Structures are given as structure tokens and as C-alpha cells.
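A short write-up of the structure that comes next.
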Amino acid sequence: MTAHDERTVSLWAAIKVAPDAAPLRQDDHVDVVVVGSGIAGLSVAYELALAGLKVAVIDRGRIGGGMTARTTAHLTSICDDYFSKLIDLRGREMARLFHESQSAAIDRIEAIQETEAVACDFRRVDGFLFPSTGDQEATLDRELDAARQIGVDAERITGVPFAGFSATPALRYSRQATFHPLKYLRGLAAGIRARGGMLYSETVVEEVEETKDGVRVATDAGFEVAAMWAVVATNSPINDRVALHTKQAPYRTYAMSFEIGRGLIPDGLYWDTEDPYHYVRLQRGDNETDFLVVGGEDHKTGAADDGEERFSALADWTKRLVPNLGVVTHRWSGQVMETIDYAGFIGRNPGNERVFVVTGDSGEGMTHGVAASLLIRALVLDGDSGWRGLYEPSRKTLRAIGDDLSENSTAIKNFSEYVAPGEIESIDALRPGEGAIVREGLTKVAAFRDDDGTLYRRSASCTHVGCHVHWNSLERCWDCPCHGSHFAVDGTVLNGPAVSPLADPG
């Protein structure tokens, strides 16, 4: 198992973004060093390389092998948490800027795939919001009113192309889009390299430090990259322990792809109004068969270990709407970072002048990542951006009434688990393929027995700030519910913010 690998495989994963990228094996000096090679990291690197700066991208795993490979790749300018809520919490102007920036991100993807000749299946489509039940129709009225307040092109229609929904009211949002995320990243990587940029894979960054002359990025192999600017784009930021993590929460999300006959459903983006909601799109396949990609059934990271049940619920929901679906081709899960005021944290890392951060995708990682590239480019080259206040990482966040994304309460509750009994009485009770937390005296041990009987024992304490990890039987990894770190069964970090592997429990 290499960094970022989990057991499920997405529809996109067969595409390798930069398979010849190698680890950093010597000190380097560049203008900008970017940590993380997903849509955010590669987009930022591309924009700054295009501006003539020398860039280096570093990733703990394969280039493009992180959470971008686990998206469903909806390109939408519509707030994932509803514009009505965004207006209530942050006002009309911030909601307008949100739509403006997310729309600009889609426009930028469209332009880049044209100028760089990236064959990534990009296409403009309409997006449709529809209620799953009749008592949710009030949501449509509320969201149509919110759209009109901030100039979003939306209209009320009747019917979406699912069984039993021909007379259902819905909202249609124009000029949304979709694409193949890893084909697009492959094009970005080629564009970065064509402009002298470097891509370093399988390289673990341990420290990002601002110095009097710029920034210093240190790796676990003892090498350093010096630069004028650093950008940390690692899903959950590895360089921060408190400032941002208390304002967002990690959620595990699930996705599936099914074979579907071409033309059976019109190309588009479809979202229902359930909570958690479901989201549907098409992906072109070969010959006369396409893929229907469906996502949803989200839960707080580490709060549940029922992936198979989540997939079953997702499949049941999908087959009710599209009864003549073909076979399931892929199943996968990923992680999104939900912020408490509905927009990402993009800009200068709190307390830094030359270190930037991109996090808090709020379910819209593709457009947030590209908006980040436009915002950070403006901050580096021009010193400011009209979107800076919307995404300012150090902003004081307001909380919606009833919002339960309190990271402080999650952490406090989590630490109490150290005094609780283990999940099983002893490691001897572990069957092949099982993982569980076991108490050994005063120590909590994260134990896993492989299919061949090999036993793995690691400390149950996440190496970020010490939260208690939870077993994820679907991906066979340990998830930290506090800030979103994932660890392989041997303790290797799969996803930040943790940098160091789970310790030997002794």
C-alpha cells in the first residue's frame, strides 16, 4: 500500500497523471513550492508557472493520487449548502462573490482544456435541483428567491428524467459543467512541466516554515526546498494544528458508477434535496454504453463504519430513479472538508505572509481548487483579490444555529475515548481481515489482522494532535474523526494533516 492508496477504486483511477514523476532526492530552490498535487495544487502551480515563476510540486504519494481521484467531478457554481443559507450567514455580497468565483473556476477549466488541448471530456451542462419528496418543494421556492437576489441564472421547471419524477418541480441552473478529473490533471501536469515546473512524487513534507528570506519546506528524507512562496494544498492542511481545523470538519462520502445505455438520461448534473443529499452525473464510455456516477450517503469521518450499508442505500436510491441500470463498475469513497460558513479557506495561512493554504472544499473541491489558483495567483502577482475576504483563512467564522460542525466538541469527546474499554477484549479475538481498538494496560492499540494472519499493532493516537483513530473496514485504514487524517494498517500516513506514521505501541 502506497501513500493515498485505499481499497476502493474510482472510475477515474486508471488514468495516471504523471507516472514518471520521482521523489525529491536533492535540495532545490524555486520561486514557489506547492505541497499537494490534486486539483488545487496543480491548478495553482499551473497558473504561477504560466506567469513565468519557477514552481515545484511535492506530493506524499503519486501525482494526482489523492482526493481529486475520489471525486464525482461536478463542476458547479451553486453553493453546496444552499445559497439561502449562505446569504443568511454571510450576506448577499459574499454569496454573489461565491457564485462569481465558482463560475470563474468553471470558465478557467474550459479555457485551459482548450488552450492546452486537454482531452478531458469537458462539457457544459445544466444542473437540476429536485425534491425527493413532496414536502421538500418549499426548498425550491427558497432557493429560487436566493438565486434571484444574487443574479444566478435559475428557473423553475417541471420534471426530471427519473422514474416517477416526470411531474416533479425542479430548479434548472444553466452553464454548469463536468469533466474527467484525472485526464484534466494530466493536462495540467504536462502544462506545468512544459514551463519548467518540477513534479516530485512519493515525498513526505514534514515542515513548512517561513523564513526572513522566504520559505523552507523540509522532507522526511532530509532534503529541503527553498522558495519565495509556499502553497499547502493537502485536503486537510499539514502545516496547521489549530487555526483552521477548529473551523471545518472532515466527512466521508461515497460514490458508485453503473453502466447505462447511451441516451437513457440527458447529460446534466442532478442533485436532490435530501440530507445528506445525492448527486448524479454521466460519464461518456466506449461504444454505446456510458456510466452513471452517483454519490452521497455522507457521514462525519470516523463516526460510522458501515460502508457496505452506505453503498447498498446508494444503489437502492439510484435504482428507484433509474430502474434499467446496468451493472456496478466501480465503488469508492473519499473525504470532503466541510467549513462552518460554507466557503473554503484559501489565502495566506494565519500568521504567515508567504505561506498560502487551500482547504475547506465544502463538497465542491473541483471548483474550489481552481478558484484557489486564481485567488492565489492574484495575491502573489498583484497583492490582492476581490475574493480575498470571502475565502480569507483567518476570518472570524459565524455558525448557523443548530450547526453541529464543532471541532472543539468533537476533539473533547474523542479524547474521552482513551479511558473507555477496548472494542474487543484482546488481539487474539481479531479474525483475518478485521481491525479493532484494543486496550493493553493504559495504552489503546489500533490492531489489524491481515487475510494471511499477519498482525499489525500501532498506537491508536493520531500523530497530528493525538485524537483517537477509528477503524474503517471498507478502506481498511484508520480514520481520525477530529481533522481527517487517514493511516494504513502499518501506520503509514495516507492523508494529512498528520505527517508522521502511527507510533509503535510498545
Side-chain angles (χ1 to χ4, degrees), residues 8 10-12 39 67-83 85-86 102 105-106 109 121-133 136 139-140 143 154 160-163 165 168 170-181 251-258 260 264-284 290-299 307 310-322 325 328-338 342 361-369:
T8 62
S10 75
L11 178 62
W12 331 112
I39 185 82
M67 288 303 163
T68 297
R70 294 176 164 270
T71 181
T72 54
H74 288 234
L75 300 176
T76 175
S77 56
I78 310 306
C79 180
D80 191 66
D81 295 286
Y82 294 131
F83 275 126
K85 291 184 179 180
L86 184 58
Q102 301 287 308
I106 301 174
I109 292 170
D121 308 320
F122 177 90
R123 57 209 183 273
R124 290 282 184 172
V125 295
D126 289 337
F128 300 87
L129 177 68
F130 66 98
S132 293
T133 61
Q136 295 171 334
T139 300
L140 301 186
E143 291 313 304
V160 287
F162 301 126
F165 286 81
T168 300
L171 293 187
R172 178 171 62 198
Y173 298 92
S174 65
R175 291 190 61 74
Q176 308 303 296
T178 192
F179 67 165
H180 189 302
Y251 276 72
R252 177 69 69 167
T253 186
Y254 298 84
M256 305 176 74
S257 60
F258 302 81
I260 186 172
L264 197 60
I265 290 178
D267 202 4
L269 307 180
Y270 302 91
W271 317 293
D272 76 356
T273 54
E274 290 188 22
D275 185 18
Y277 76 109
H278 301 88
Y279 35 101
V280 183
R281 57 156 290 196
L282 289 171
Q283 174 62 31
R284 180 61 68 94
D290 290 338
F291 299 98
L292 188 74
V293 180
V294 185
E297 300 297 324
D298 302 10
H299 64 78
R310 304 272 169 170
F311 282 132
S312 293
L314 199 54
D316 289 345
W317 179 89
T318 308
K319 289 174 181 176
R320 285 198 303 273
L321 271 62
V322 190
L325 270 180
V328 175
T329 64
H330 298 78
R331 307 187 316 166
W332 66 98
S333 74
Q335 181 168 272
V336 297
M337 303 300 297
E338 292 285 355
Y342 312 135
D361 52 48
S362 290
E364 298 178 70
M366 300 300 95
T367 46
H368 264 94

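Throughout, residue positions are numbered sequentially from 1 according to the sequence presented. Since this is a predicted model, take the numbers as computed values, not measurements. No hydrogens, no waters, no symmetry mates; every other heavy atom, side chains included, goes into these values.
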Main-chain N/O of Thr8 paired to Arg70 side chain as donor or acceptor, under 3.5 Å: yes
Student check: side-chain heavy atoms of Trp317 and Asp272 closer than 4.5 Å: yes
Aromatic ring proximity, centroids under 6.0 angstrom, His278 and Tyr270: no
Close side-chain approach of His74 and Glu364, heavy atoms under 4.5 Å: no
Separation of Tyr342 OH from Leu86 CG (nearest 0.5 Å): 8.5 Å
Closest contact, heavy atoms only, Leu140 versus Leu171: O-CD1, 3.6 Å
Separation of Phe258 CZ from Thr318 OG1 (nearest 0.5 Å): 4.5 Å
Which donor-acceptor pairs under 3.5 Å do the side chains of residues 121-130 make with protein atoms, sequence neighbours left out?
unit_1: Asp121; atom_1: OD2; unit_2: Lys183; atom_2: NZ; d: 3.4
unit_1: Asp121; atom_1: OD2; unit_2: Gln283; atom_2: NE2; d: 2.9
unit_1: Arg123; atom_1: NE; unit_2: Asp267; atom_2: OD2; d: 2.5
unit_1: Arg123; atom_1: NH1; unit_2: Asp121; atom_2: O; d: 2.7
unit_1: Arg123; atom_1: NH2; unit_2: Leu282; atom_2: O; d: 2.6
unit_1: Arg124; atom_1: NE; unit_2: Glu110; atom_2: OE1; d: 3.2
unit_1: Arg124; atom_1: NH1; unit_2: Arg175; atom_2: O; d: 2.9
unit_1: Arg124; atom_1: NH2; unit_2: Asp107; atom_2: OD1; d: 2.6
unit_1: Arg124; atom_1: NH2; unit_2: Glu110; atom_2: OE1; d: 2.9

Distance (rounded to the nearest 0.5 Å) between Cys79 SG and Glu143 CD: 8.5 Å
Backbone N/O of Met337 and side chain of Asp361: donor-acceptor pair under 3.5 Å: yes
Side chain to side chain, Leu269 and Tyr279, heavy atoms closer than 4.5 Å: no
Flag side-chain contact, heavy atom, 4.5 Å: Thr367 against Ser77: no
Any His299 side-chain heavy atom under 4.5 Å of Arg310 side chain: yes
Straight-line distance of Trp12 CH2 to Thr68 OG1, nearest 0.5 Å: 12.0 Å
Check: His330 main-chain N/O paired with Ser257 side-chain donor or acceptor under 3.5 Å: yes
Side-chain (Arg281) to main-chain (Phe179) donor-acceptor, under 3.5 angstrom: yes
CA sep, side-chain torsions, deciding dist, call: Leu292, Val280, side-chain contact (heavy atoms from CB on, under 4.5 Å): CA-CA 7 Å; Leu292 188 74; Val280 183; 3.5 Å; yes
N/O donor-acceptor pair under 3.5 Å between Glu297 side chain and Pro276 backbone: no
Shortest non-hydrogen contact between Glu338 and Asp80, atoms and distance: OE2-OD2, 4.1 Å
Point-to-point distance, once rounded to the nearest 0.5 Å, from CE of Met256 to OG of Ser333: 12.0 Å
Reported CD-to-CD1 distance for the pair Gln176 and Ile106, which is rounded to 0.5 angstrom: 5.0 Å
Validation row: Trp271, Tyr173 side chains within 4.5 angstrom (heavy atoms): yes
Heavy-atom closest contact (Met366 atom, Pro181 atom, distance): SD-CB, 4.3 Å
Exercise: identify the closest heavy-atom pair between Leu325 and Lys319: CD1-CG, 4.3 Å
Which atom of Trp332 lies closest to which atom of Leu11, heavy atoms considered: CZ3-N, 3.5 Å
Atom of Thr72, atom of Ala255 and distance for their closest heavy-atom approach: CG2-CB, 3.7 Å
